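Comments concern the structure below.
Only a predicted model underlies this, so the values are computations on that prediction, with no experimental measurement involved. Values reported hereafter were calculated over all heavy atoms of this structure, with side chains retained and with hydrogens, waters and symmetry mates removed.
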Amino acid sequence: MQIALAQPVITGLVFEKKGEVLVKMFFRGVSAIAAAIGFSISASASEPTETVTYPAVTVYEAAKIITMEPGYPEARFVATSEGIILGLGQSLADLDAWIQGRDVNIDQRFARNVLMPGFIEPHVHPMQTIMMLPIPFISPEDWELPGKTYPATRGKADYEKRLKEELAKSDDALFITWGHHRLFHGDMDRAELDRIAPDRPVVIWQRSFHEIIVNSKGLDLLGIGTKAAFEKQFDKPDITPGHADYASGIIHETALFNGIGKLRPYLFSPEKVQQGLADMRQMMLENGVTTSADLAFGGFGGPEMEAKLFKSLYDQPTMPSRILAIPVAPLVTGDPNVWLKDMKAKYDSNKFFFSNRVKLFADGAFFAQYMQMNPPGYSDGHEGKWLTEPEELLKQTNRFWEAGWNLHTHVNGDKGLDVVLGITEKLAPKNSQDIVMEHLGYSTEAQNRRIGEMGIYVSAQPNYIRILGDTYAKTGLGPDRAAQMSRLGSLERKGVPLGLHSDFNMAPINPLYLAWVASNRITLDGNAKAPAERLSLDKALRAITIEAAQIIGLDAMVGSIATGKKADFTVLDRDPYEGGAPKLQDVQVQGVVFEGQWFPAR
């Protein structure tokens, strides 16, 4: 049953301010009464006819709607129907064209809240997220995850203490933990891990995710406990010699996914997959993410397995987000466009879908100091690593560029960036194909100028400066280069479209946190680094909304609150512009409206 408010009441909003206040009070009073007796509110001039488009309309009122649209930056009311935005206005009367002749629900639950576009996470790995969420974190920084918290741990003794505590809590056949970093926790290898845990199979995942350390019991359990078995497992054409070392038990970079293959039964048990899926959904929801991109699709379980798993998750009506699958280059076999057509035909849906975008890899992990650095290199003399040798990267890049695909290239060090920019300059000019630098841990001012001049986009990882700014100043890069990691202010000054990503678990899936880091540049020890490289507040918020959407080619659909786009809103307890950049971490997400449906965060 519906209570219909007559048209003169709505049009009365137009006449005078006093009348507008009284009408709003009337709406609120009737809303309260209706809610108490179980009715819903509707406002219509007449019963909708069969020829009326969008016959059922919901109008959300908010204290402020931040649209991220320059031409219409703010509103108070937004009309939605069938999952899209019909229009915005400063009053109900402004939306009269979408109210007349329709059943209209006036939803005032956000009248004291601020709405922003649903946040965009342009670089995440769902399979990695599912793997990581069920295991304990022992890392240099605090972590708040769905249903659990982990305190920061620093120093060798404290790390060993925490490791033993987590071991005692677990009865897993293979104990796995994540977060070790030698610059915070001391060196770790097979012998050291054997000393700490001589009787338990243990795997430690390094803070970068690009490296695992396995003790002797663990190697035995995985069937690679002898040197012959180990070498057979990792003697493959696509694995760089030295990326898997039997003596130290360290498996990293090009050998990592082969190692993950051995861990799969322990990482992807049905119980852990279900827990990981539920926790990932909750983490996205609590932090206002309504759209994301998987930047390593197929890399953990193969395209077919991962497509079936994520389609079954995202197609559920209880899942308040969508995801774009971007495959890693070697898994796209044959003609890329034939591969894409086949995957779209089998798996594309409204909330899980593909496009002509591909993930490429240049140099190694930033958190492990495996990125390729130009002279003088690293202060301790070690060398960076290539995930894809430059000659092979050139071949892969040309293959997908000629097929008309958009390129997303993982690159971290300035030497790696020189290679990628050099390859990019050789590409035949084409319209409407994007080139995106992913992570961009360290770039020079000269390189940023080239990025701007070449029209390249950047999807940046700002958390490097937060976690590593002080530590890399002491070991590896020195104070000047460490202070200028994630040189994003420079990119803003050059007009480069920019997204901020978590690459979970390199950072939390929390766009407001990423915006805070990028606009403040405060390290774990509270030190401000290169203030000139801070993003402006507006750019930081654009980098988690409209420009993040542009980075993954979805800005026509999401990223701003505009007519015709998806009705995705992140509901906030306050206006992030009012408190300024230092107060971004105080802003709380209340939940999301996803395609017009409300999902509370808690």
Side-chain angles (χ1 to χ4, degrees), residues 4-32 41-45 52-54 56-119 288 290 537-538 541-542 545-546 558-579 587 590-593 595-598:
L5 298 178
Q7 182 65 20
V9 174
I10 294 178
T11 56
L13 290 168
V14 177
F15 300 139
E16 56 178 332
K17 188 68 175 178
K18 181 178 179 182
E20 181 174 326
V21 173
L22 290 173
V23 168
K24 287 185 177 180
M25 291 175 65
F26 176 71
F27 265 105
R28 292 190 179 104
V30 174
S31 297
I41 298 295
S42 70
S44 61
V52 171
T53 58
Y54 305 106
V57 175
T58 296
V59 178
Y60 291 104
E61 177 186 359
K64 182 179 182 180
I65 300 171
I66 300 170
T67 69
M68 306 309 289
E69 286 281 327
Y72 203 89
E74 296 180 13
R76 286 285 314 285
F77 297 85
V78 56
T80 70
S81 182
E82 299 178 18
I84 69 166
I85 297 166
L86 301 181
L88 297 107
Q90 306 305 327
S91 68
L92 278 174
D94 289 348
L95 296 173
D96 198 46
W98 294 110
I99 289 174
Q100 292 187 33
R102 294 172 171 87
D103 286 333
V104 180
N105 177 43
I106 311 297
D107 194 322
Q108 296 180 311
R109 77 182 81 197
F110 309 131
R112 296 183 178 180
N113 294 108
V114 173
L115 301 187
M116 283 192 70
F119 292 153
T290 55
L537 175 60
D538 185 63
L541 292 175
R542 290 179 63 82
T545 54
I546 187 60
V558 295
S560 65
I561 301 177
T563 296
K565 287 193 172 185
K566 294 290 188 181
D568 296 349
F569 317 129
T570 297
V571 182
L572 306 176
D573 70 339
R574 68 195 76 183
D575 183 348
Y577 284 98
E578 287 188 0
V587 180
Q590 307 295 303
V592 303
V593 174
E595 296 189 358
Q597 182 180 352
W598 166 237

TODO: Please identify each residue that fulfils salt bridge (charged side-chain N to carboxylate O under 4.0 Å, His left out) with E74, with sequence neighbours left out.
DONE: K64
Open item on the list: So does T53 get a backbone contact from the side chain of R102, meaning a donor-acceptor N/O pair under 3.5 Å?
Closed with: yes
Open item on the list: To the nearest 0.5 Å, what is the distance between CG on L95 and CD1 on I106?
Closed with: 8.5 Å
TODO: Might you point out which heavy atoms bring L86 and T563 nearest each other, and give the distance in Å?
DONE: O-CG2, 3.3 Å
Open item on the list: Using the rule given for side chain to side chain contact (heavy atoms under 4.5 Å, CB included), can you reason through L115 versus L572, listing the C-alpha separation, both sets of side-chain angles and the distance that settles it, and then say yes or no?
Closed with: CA-CA 6 Å; L115 301 187; L572 306 176; over 6 Å; no
TODO: Verify, without hydrogens or angle tests, whether T570 (side chain) and F119 (backbone) share a donor-acceptor contact under 3.5 angstrom.
DONE: yes
Task: Atom pair OG/CG of S81 and D103 - distance to nearest 0.5 Å - done: 10.5 Å
- [ ] Quick one: closest heavy-atom pair of I561 and M116, and the distance?
- [x] CD1-C, 3.6 Å
Task: Heavy-atom side-chain proximity of V78 to V59 below 4.5 angstrom - done: no
TODO: Enumerate the residue pairs fulfilling ring-ring contact (aromatic ring centres under 6.0 Å, His included) with a member in residues 81-108, sequence neighbours excluded, ordered by first and then second residue.
DONE: none
Task: Pairing residues for A75 by the side chain to side chain contact (heavy atoms under 4.5 Å, CB included) criterion, not counting sequence neighbours - done: I65, Y72, L88, Q90
Task: Gap separating the CZ atom of F77 from the CG atom of D94, nearest 0.5 angstrom - done: 9.0 Å
TODO: Sequence neighbours left out, what passes side chain to side chain contact (heavy atoms under 4.5 Å, CB included) with R109? Give chain and number order.
DONE: D107, W598
Task: Side chain R76, main chain A111, donor-acceptor under 3.5 Å - done: no
Open item on the list: Please check this pair: side chain of S560 against backbone of A562, looking for a donor-acceptor N/O pair closer than 3.5 Å.
Closed with: no
Task: For T290, all residues meeting side chain to side chain contact (heavy atoms under 4.5 Å, CB included), sequence neighbours excluded - done: D568, V592, F594
- [ ] Please identify each residue that fulfils side chain to side chain contact (heavy atoms under 4.5 Å, CB included) with D538, with sequence neighbours left out.
- [x] M68, S536, R542, Y577
TODO: State, to 0.1 Å, how close I66 and V114 come at their nearest heavy-atom pair, and which atoms those are.
DONE: CD1-CG1, 3.7 Å
Open item on the list: If you compare all heavy atoms of P73 against all heavy atoms of G71, which two are closest, and at what distance to 0.1 Å?
Closed with: CD-C, 3.7 Å
Task: Nearest heavy atoms of A567 and I85, plus distance in Å - done: CA-CG1, 3.8 Å
